[in-house]
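Reviewing the structure listed below.
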Amino acid sequence: MSVRVRFAPSPTGHLHVGGARTALFNWLLARQAGGTLILRIEDTDRERSADSMTRGIIEALEWMGLDWDEGPIRQSERLDRHRAVADALLETGHAYRCFCSPEELARRRRAGSGTTGEWTYDRRCLSLSVDAVAARMASGRPAAIRFRVPEGAVGFEDAVFGQIRKRGEELEDFVLVRSTGEPTYLLGVVADDLDMAVSHVVRGADHISNTPKQLLLYRALGRTPPVFAHVPLILGPDRTRLSKRHGAAAVLAYRDAGILPEALVNFLALLGWSDGTDREIFDRASLIDAFSLGGVSRSNAVFDGDKLSWFNGRYIHSLPAAELAVRVAPVMRGAGVWEDRFEAADRGWLEQLLATIRPRFRSLDALAAEVGTYAGEDIDYEQAAVEKFFNDPSLAEYLPALAERLENIERFDLESTESALRTLAGELGTRAGLLINASRVALTGKSVAPGIFDVMVILGREKTVRRLRASIARISLS
Ligand code: GLU
């Protein structure tokens with residue numbers, strides 16, 4: 001059986017963590033099997049759907065690198081097809097017209113729900129004679145089309161949750177087409193999944209309760225249903241439904257906050273799936289290899305924003321520096337630290353700088369801001385760093401001496417800068433650590449930075465010397 005899966009978002013909001021994970025799991029199944037991923041936009045709720053949301057969803061999928069093979073297909077363009085399926089069900093007696101108005105239904109619900117608060121459609125219109133139906137139709141009364149739920153059990157083997165059964169008696173005769181002529185989600189999704197020859201329906205566990213009804217439609221249409229796989233819900237650390245409160249954001253907001261798509265993909269894959277080991281780092285190719293519906297857990301997944309940052313750090317540290325430069329460039333532009341020289345002449349320097357400073361960073365934003373410390377002329381001195389490492393008056397003598405040594409050494413590389421500093425410390429009868437700590441503040445303004453000789457080399461001789469000399473003013477102030 002060829003694998004044909006679909007991602008079917010409703011464009012009523014941004015693409016969030018849950019939807020993005022559903023998209024990812026479908027994508028992984030398709031890519032692993034050499035199958036097909038269909039993007040279907042379920043935009044039948046006219047009032048709540050927006051084109052801008054559809055564009056945003058597409059942009060988010062593209063940014064995550066989740067490509068699709070067919071679509072985007074807009075469900076709203078297939079309404080006639082959905083109605084035709086409802087008509088076929090009317091003809092075979094699996095569905096019937098219902099003339100009960102929403103007001104009448106509300107009244108009967110109020111009267112009938114009693115103490116339990118539950119009421120299911122009382123099938124009043126099922127007993128209408130053929131003539132009575134024809135007369136109401138002729139008088140132009142609006143009619144919905146309801147599915148006639150048969151007695152007996154309906155069950156399926158969910159690829160994640162296992163056996164799920166429901167009795168027909170527990171289900172109401174659900175609406176297929178509203179009296180306004182609008183097909184419902186239940187009808188549209190089955191008609192579309194059939195027409196698109198979908199082999200596996202992978203979606204959020206919030207759709208489990210819809211599945212028995214959808215299965216009844218397949219049965220009534222005499223068609224074989226796809227495999228269903230429901231993926232567990234994602235909760236916040238406090239076990240309530242995931243929301244902004246938990247730091248969860250829309251996919252594009254993560255992009256804008258300096259998260260790498262590789263990190264988001266890796267993070268999302270592990271929200272509810274594992275390969276059975278403790279392994280956490282999966283690049284795209286290894287996810288495609290390792291993913292299986294059997295590894296998807298039944299228990300709710302818990303979202304942990306710190307873990308996402310951790311993944312982001314891992315990918316910031318492991319991307320080839322040239323690739324990291326490509327990714328960080330737009331963020332640098334946004335932060336106002338981009339310079340034209342990084343386009344070509346100083347591209348290599350930028351890459352080397354990124355490779356030097358990245359170990360401490362978990363977000364592209366912070367990394368981009370740090371570039372400014374090295375690339376710009378002026379630096380901001382952190383007050384705490386100045387107080388801690390610039391409080392020895394002899395530095396007013398030591399730092400100019402260091403500047404002079406560095407100005408005159410033959411080569412300006414890791415070994416010679418280190419040996420110049422250590423030799424000078426010996427000659428001055430002071431600790432190398434004093435010069436190293438003070439140089440760090442003088443060259444970066446901070447108390448934490450990469451190895452000081454890496455910093456010198458990346459800044460280059462001229463800037464190193466200049467910053468050492470300029471920093472002396474800080475000593476007398478402290
Ligand atoms: N459009 C539905 C949603 O966004 C998905 C329906 C489905 O996958 O069957 O929740």
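Numbering of ligands and ligand atoms starts at 1, following listing order.
- The single protein non-hydrogen atom nearest to atom 8 (O) of ligand 1 is Arg6 NH1, 2.7 Å, given as residue, atom name and distance.
- Annotation for ligand 1: atoms under 4.0 Å from non-hydrogen atoms of Arg203 are 7 (C), 8 (O), 9 (O).
- Between Ala8 and ligand 1, at least one N/O pair is under 3.5 Å apart.
- Of the residues listed (Arg4, Arg78, Arg6), the one engaging Asp195 in a salt bridge (Lys or Arg N to Asp or Glu O under 4.0 Å) is Arg78, and it is the only one.
- Closest of all the heavy-atom pairs between Leu15 and Ala60 is CD2-CB, 3.8 Å.
- In summary, the atoms of ligand 1 found under 4.0 Å from a heavy atom of Glu42, numbered by their order in the structure, are 1 (N), 2 (C), 5 (C), 6 (C).
- Of the protein's non-hydrogen atoms, the one nearest atom 10 (O) of ligand 1 is His207 NE2, 2.9 Å.
- Ser76 and Asp43 share a donor-acceptor pair across their side chains, judged by distance under 3.5 Å alone.
- Proximity to Val189 (heavy-atom distance under 4.0 Å) selects the following atoms of ligand 1: 9 (O).
- In Gln163, the CD atom is crowded: over 12 heavy atoms of neighbouring residues, nucleotides or ligands sit closer than 6.0 Å.
- Aromatic ring centroids of Phe303 and Phe267 lie under 6.0 Å apart.
- Residue contacts with ligand 1: Tyr185 is included, with a non-hydrogen atom under 4.0 Å away.
- You'll find the side chain of Pro226 stays beyond 4.5 Å of the side chain of His200, heavy atoms only.
- For atom 4 (O) of ligand 1, the closest heavy atom belonging to the protein is Ser10 OG, 3.2 Å.
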